[in-house]
Visitor: 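Please see the structure below; I have some questions.
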Amino acid sequence: MDLGASGNGSVVTEFVLLGLSETPALQPILFIIFLLAYVATLGGNLSILAAIFVEPKLHTPMYFFLGNLSLLDVGCISVTVPAMLRRFGSNNRNVPYRACLSQLFCFHLLAGADCFLLTVMAYDRYLAICQPLTYSTRMSWGAQQALVGMSCVFSFTNALTQTVAVSTLNFCGPRVINHFYCDLPQLFQLSCSSIQLNELLLFVAAAFMGVAPLVLITVSYAHVAAAVLRIRSAEGRKKAFSTCGSHLTVVSIFYGTGVFSYMRLGSVEASDKDKGIGILNTVISPMLNPLIYSLRNPDVQGALQRVFMGRRPPE
């Protein structure tokens, strides 16, 4: 297989994704592992959605946002893993230029919506714990829809901007991407034209979609922590913190892997490490989120039992 197009005058019309391993003996093993991870992620997130749908106790803003997060997780893993499984089966690593840009757009659309939705969920916890008297009016059904809609619009705008900016770059070889999906850092490395504008756009996006949401989440939970510590009963403090612990765990995983991926642009030596971070971000995190949110939540656990056993919720 020709893994590179080195001619200076040629234009790359397709890329070659090296994937996770070039060892043929590992391909069937990796196929089984990621197929099981994909099925587990679909099953876990769709179970959360079903539990939210059938359980009246879960018809609240917090679980409305959690349901949307589950949909995003299903979409995020579906953008990367099925294509990787096809390459394991066919051993064809070529990816057309347009397909690569389409994957880039979809991934940043879903990951960006994740950023904003996690921020909205922190704001929801702030209102519920710090402003309980006005919670129902501030977090009305219309407000919930508006917050999710704004998250999607902002994310769509960023994904479109980044994709259009990448489409203006010239790729004249080599065409090998040492990763298992198309993403900005790897494409920047292959560009034979200036990427200054692209790096600037990515820096602005990182500030708007990474730093700003993280600051808002931190501020929200600082107020939440102060309010919870003023609760006199230990049981009350435990219950308040339990509703926030799962969200903080998901935020830590999501932002930790995201920062590691995009803060080291241009580092060719780190490509193999980027694959591990990419697996955490696109496979492990969506697979763990349903478990994290249900592990210490008796309402979700009860709803899941009713989903799988066919029991009706109590009147």
Visitor: Do side-chain atoms of Asn92 reach the backbone of Asn94 as a donor and acceptor pair under 3.5 angstrom?
Guide: yes
Visitor: Is there any ring-ring contact (aromatic ring centres under 6.0 Å, His included) pair reaching into residues 51-84, and which pairs are they, with sequence neighbours excluded?
Guide: Phe64-Trp141
Visitor: Of the non-hydrogen atoms in Asn158 and Ala205, which two are nearest, and what is the gap between them?
Guide: OD1-CB, 3.1 Å
Visitor: Output yes when a side-chain donor or acceptor of Ser155 lies under 3.5 Å from a complementary backbone atom of Cys152, and no otherwise.
Guide: no
Visitor: Mind telling me whether Phe88 and Phe34 have parallel, tilted or perpendicular rings, with 30° and 60° as the class edges?
Guide: tilted
Visitor: Using a 3.5 Å distance criterion without hydrogens, assess whether the side chain of Lys275 forms a donor-acceptor pair with backbone atoms of Phe180.
Guide: no
Visitor: Main chain of Ile177, side chain of Gln186: is a donor-acceptor contact present, judged purely on distance under 3.5 Å?
Guide: no
Visitor: Enumerate the residue pairs fulfilling side-chain hydrogen bond (donor to acceptor under 3.5 Å, both in side chains) with a member in residues 72-85, sequence neighbours excluded, ordered by first and then second residue.
Guide: Tyr38-Ser78, Asp73-Asn289
Visitor: Quiz question: by atom type and distance under 3.5 Å, do the side chains of His247 and Tyr293 form a donor-acceptor pair?
Guide: no
Visitor: Running the 4.5 Å side-chain criterion over Ile, Leu, Val, Met, Phe, Trp and Tyr, what cluster does Leu197 land in, apart from itself?
Guide: Leu201
Visitor: Pairs of donor and acceptor atoms involving the side chains of residues 109-124, under 3.5 Å and at least two apart or interchain, shall be tabulated with distances.
Guide:
residue	atom	partner	partner atom	Å
Thr119	OG1	Cys115	O	2.9
Asp124	OD1	Tyr135	OH	2.5

Visitor: Under the side-chain hydrogen bond (donor to acceptor under 3.5 Å, both in side chains) test, which residues partner Ser193, sequence neighbours left out?
Guide: Ser191
Visitor: For Val219, check side chain to side chain contact (heavy atoms under 4.5 Å, CB included) against everything at least two apart and list the hits.
Guide: Val215, His223
Visitor: Short question: side chain of Asn198, backbone of Ala165 - any donor-acceptor pair under 3.5 Å?
Guide: yes
